[in-house]
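Below: one structure, written as structure tokens.
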There are 2 protein chains.
Amino acid sequence: MSDRRQISMAVVRRLPKYHRYLLELISNDVDRISSKELSEKIGFTASQIRQDLNNFGDFGQQGYGYNVKELYNQIGNILGLNETYNTIIIGAGNIGQAIANYSNFSKLGFTNQAIFDKNPKLIGLKIRDIAILDVEFLEDYLKKNNIDIGILCTPREQAQEITDTLVKNGVTAIWNFAPIDLQVPDNVVIENVHLSESLLTLTYRLNEPKLLHDIKK
Amino acid sequence: MSDRRQISMAVVRRLPKYHRYLLELISNDVDRISSKELSEKIGFTASQIRQDLNNFGDFGQQGYGYNVKELYNQIGNILGLNETYNTIIIGAGNIGQAIANYSNFSKLGFTNQAIFDKNPKLIGLKIRDIAILDVEFLEDYLKKNNIDIGILCTPREQAQEITDTLVKNGVTAIWNFAPIDLQVPDNVVIENVHLSESLLTLTYRLNEPKLLHDIKK
DNA sequence: AAGCAGTTGTTAATATATTAACTATAATGT
DNA sequence: ACATTATAGTTAATATATTAACAACTGCTT
Ligand SMILES: NC(=O)c1ccc[n+]([C@@H]2O[C@H](COP(=O)([O-])OP(=O)(O)OC[C@H]3O[C@@H](n4cnc5c(N)ncnc54)[C@H](O)[C@@H]3O)[C@@H](O)[C@H]2O)c1
Ligand SMILES: NC(=O)c1ccc[n+]([C@@H]2O[C@H](COP(=O)([O-])OP(=O)(O)OC[C@H]3O[C@@H](n4cnc5c(N)ncnc54)[C@H](O)[C@@H]3O)[C@@H](O)[C@H]2O)c1
């Protein structure tokens, strides 16, 4: 019987970490690993590791453990890395350029096909051989090209409008760096990278001891 | 009695979002808001909002709701934004420069005091008036200056070594962009921004419907 | 001034996530 | 071949997080 329980985000967010640690094991020529050993490296409990993996299949073998290479490939497949992805970046500012310049994403199967901006000073420039195009042509471009993921790097004010254009033209995944919660239909997936929020959790924790001491109930 | 229960990260990660929405309300001249109204905007349940806030104090008033400005300030204080922070960036590449160029952090009280790199081509250049220094002088610099937060933007291979230098010289908070789990003593707080992991959760979700259908139990 | 509607703080119930315990099985050594 | 050990998969127990319920209180209306 197929089993369509949806996997919780808590589990999903651990998967890339398994993937990363398994790659490290491969590069150290480790062939097999038990949940217990992996537990000690990765910092999850052995039980959690077995639970997590079992959501997706029986990848291990009793008395033996997991074959590192096979598990790495399986998790890669679960994460969708058996496919390749066409991306575009909208907003060629600080973050947009940083992402465009990062070469490692292509190793994972991501190909950035275009960059869009509205600033005439940027339009026409190239980043790693990809020209920055006028955002005016975004809709047109989307109609002619099959884009899987939109990487949204514009200021907050423009983010929803760009999102609407992306969604209207068939993009179903958005990696969003703007500090806003985008409105999209149910079939579109969004992953937010809210850097300021991330930074504020750090200052929270820096001050927490003092803070909790001061709270009187 | 003071009450030192430690607040769960689930709660802490929601706090910056409250802060952001409250600022938006302020800029829309909204004076007061109930947990129910806020719930509709922010997308948490009203119950959760009241629970979250009550961890830190009695900020609302029955029959009235919350005073927006006051709550905004309270949450700012909880997040440590009543203090200011000196930061340094280590690694002046794509991400390091993107962060250095971003002007909004200073509005929140973060002052980037220096940038370090080991690439001679970068050393001496300036980003928003801050010179890029030779990382050789990092330790020396830390001994002479009071730095609250290290922003780690080097490649993975160098990240632990830089971390050790930071920690050894009194830095107790690290905002880490390198794809590695840093080892630090208990008193040091780390916030990871693992961009590749974030992107992989997106591809996971793009493929999830097909994936779960294929899993046979 | 009294009563009603609205809303919090708080406690209780439920749901979810994590950890532990157990069972079945495979690998290994004698 | 058999016994022993290791270890996954799975079920059960526990812990955590979320949601719901409700009593206490406030502000507003009449
Ligand atoms: N850089 C950071 O460290 C940082 C930190 C936190 C949040 N963010 C967020 O990330 C996003 C990008 O930040 P950034 O620092 O790269 O900003 P940036 O100003 O450097 O870049 C934004 C780019 O978007 C372009 N743009 C504006 N409107 C556009 C439109 N309609 N279509 C296409 N392009 C458009 C601008 O011309 C600019 O080049 C912002 O929303 C910002 O709030 C950035
Ligand atoms: N740019 C991205 O989109 C992206 C995505 C995912 C992860 N990351 C991670 O973020 C980190 C930075 O990425 P990037 O794209 O900015 O890389 P980058 O190569 O552009 O920049 C790294 C910088 O660190 C400097 N450096 C190297 N060793 C150093 C040392 N010991 N001390 C000081 N500086 C040193 C290099 O000279 C370089 O300027 C990396 O760990 C990378 O894996 C980046």
Side-chain angles (χ1 to χ4, degrees), chain A residues 1 3-15 17-18 21-22 25 30-72 74-75 78 201 212 215-217, chain B residues 1-15 17-18 22 25 30-72 74-75 78 201 212 215-217:
Chain A
M1 261 304 289
D3 177 347
R4 294 189 183 71
R5 277 165 309 115
Q6 116 121 30
I7 308 294
S8 80
M9 274 311 286
V11 174
V12 174
R13 294 209 176 278
R14 284 192 291 268
L15 295 175
K17 194 164 163 182
Y18 290 119
Y21 273 82
L22 288 164
L25 289 169
V30 179
D31 284 339
R32 73 182 225 190
I33 193 156
S34 68
S35 58
K36 183 154 169 289
E37 287 173 286
L38 184 54
S39 157
E40 283 150 17
K41 290 189 188 294
I42 206 171
F44 308 148
T45 64
S47 192
Q48 180 160 70
I49 292 170
R50 295 200 299 278
Q51 289 266 21
D52 283 352
L53 299 178
N54 252 110
N55 284 306
F56 302 101
D58 297 357
F59 302 136
Q61 202 157 32
Q62 282 125 328
Y64 176 88
Y66 300 88
N67 177 292
V68 172
K69 248 183 206 144
E70 192 201 309
L71 186 57
Y72 174 77
Q74 291 280 9
I75 292 179
I78 293 165
T201 68
L212 295 187
I215 297 174
K216 309 285 177 190
K217 274 274 164 182
Chain B
M1 263 305 287
S2 64
D3 178 348
R4 294 189 182 72
R5 275 165 310 118
Q6 115 123 31
I7 308 295
S8 81
M9 274 312 285
V11 174
V12 174
R13 293 210 176 278
R14 285 192 290 268
L15 295 176
K17 195 164 163 182
Y18 290 120
L22 287 165
L25 289 170
V30 178
D31 284 338
R32 72 184 226 190
I33 193 157
S34 67
S35 57
K36 183 154 170 288
E37 286 173 287
L38 184 55
S39 159
E40 283 151 17
K41 290 190 190 295
I42 207 170
F44 307 148
T45 64
S47 193
Q48 181 160 70
I49 292 169
R50 294 200 299 276
Q51 289 266 22
D52 283 351
L53 299 179
N54 254 110
N55 283 304
F56 301 101
D58 296 357
F59 302 137
Q61 201 157 30
Q62 281 128 327
Y64 176 89
Y66 299 88
N67 178 294
V68 172
K69 249 182 204 142
E70 191 200 308
L71 187 56
Y72 174 77
Q74 291 279 9
I75 292 179
I78 293 164
T201 67
L212 294 187
I215 296 173
K216 309 286 179 191
K217 275 276 163 181

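Only heavy atoms go into these numbers, but all of them, side chains included; no hydrogens, no water, no symmetry mates. A note on names: the letters A, B, ... follow the listed sequences, proteins ahead of strands, and every chain is numbered from 1.
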What's the CG-C1' distance between A/N55 and C/dA17, to the nearest Å?
11 Å

Below 4.5 Å, heavy atoms only, C-beta onward: do A/R14 and A/Y18 meet side chain to side chain?
yes

B/L15 and B/I75: which non-hydrogen atoms are nearest, and at how many Å?
O-CG2, 3.7 Å

B/K69 atom NZ, neighbour heavy-atom count above 12 within 6.0 Å
no

Any side-chain N or O of B/R14 less than 4.0 Å from the OP1 or OP2 oxygen of D/dA17?
no

So, is B/S8 close to the D/dT16 phosphate, meaning a side-chain N or O under 4.0 Å from OP1 or OP2?
no

Any side-chain N or O of A/R32 under 4.0 Å from OP1/OP2 of D/dA8?
no

Output yes when at least one side-chain N/O atom of A/N54 is less than 4.0 Å from OP1 or OP2 of D/dT10, else no.
yes

Is there a donor-acceptor contact under 3.5 Å from the side chain of A/N55 to the main chain of A/D52?
yes

For DNA chain C, which residues in residues 63-70 of chain A have a heavy atom at a distance below 4.0 Å?
A/G63, A/Y64

Non-hydrogen side-chain atoms of A/L22 and A/Y66 separated by less than 4.5 Å:
no

Should A/I33 and A/Y21 count as side-chain neighbours, where that means a heavy-atom distance under 4.5 Å?
no

Determine whether more than 12 heavy atoms belonging to other residues, nucleotides or ligands lie under 6.0 Å from atom NZ of A/K36.
no

Flag side-chain contact, heavy atom, 4.5 Å: A/K41 against A/L25
yes

Expected list for residues 37-53 of chain B near DNA chain D, using heavy atoms below 4.0 Å, is B/T45, B/S47, B/Q48, B/R50, B/Q51

Between C/dA17, D/dA8, C/dA27, which one does the side chain of A/Q61 approach most closely?
C/dA27

A/Q62 has a side chain; which of C/dT7, C/dT25, C/dT10 sits nearest to it?
C/dT25

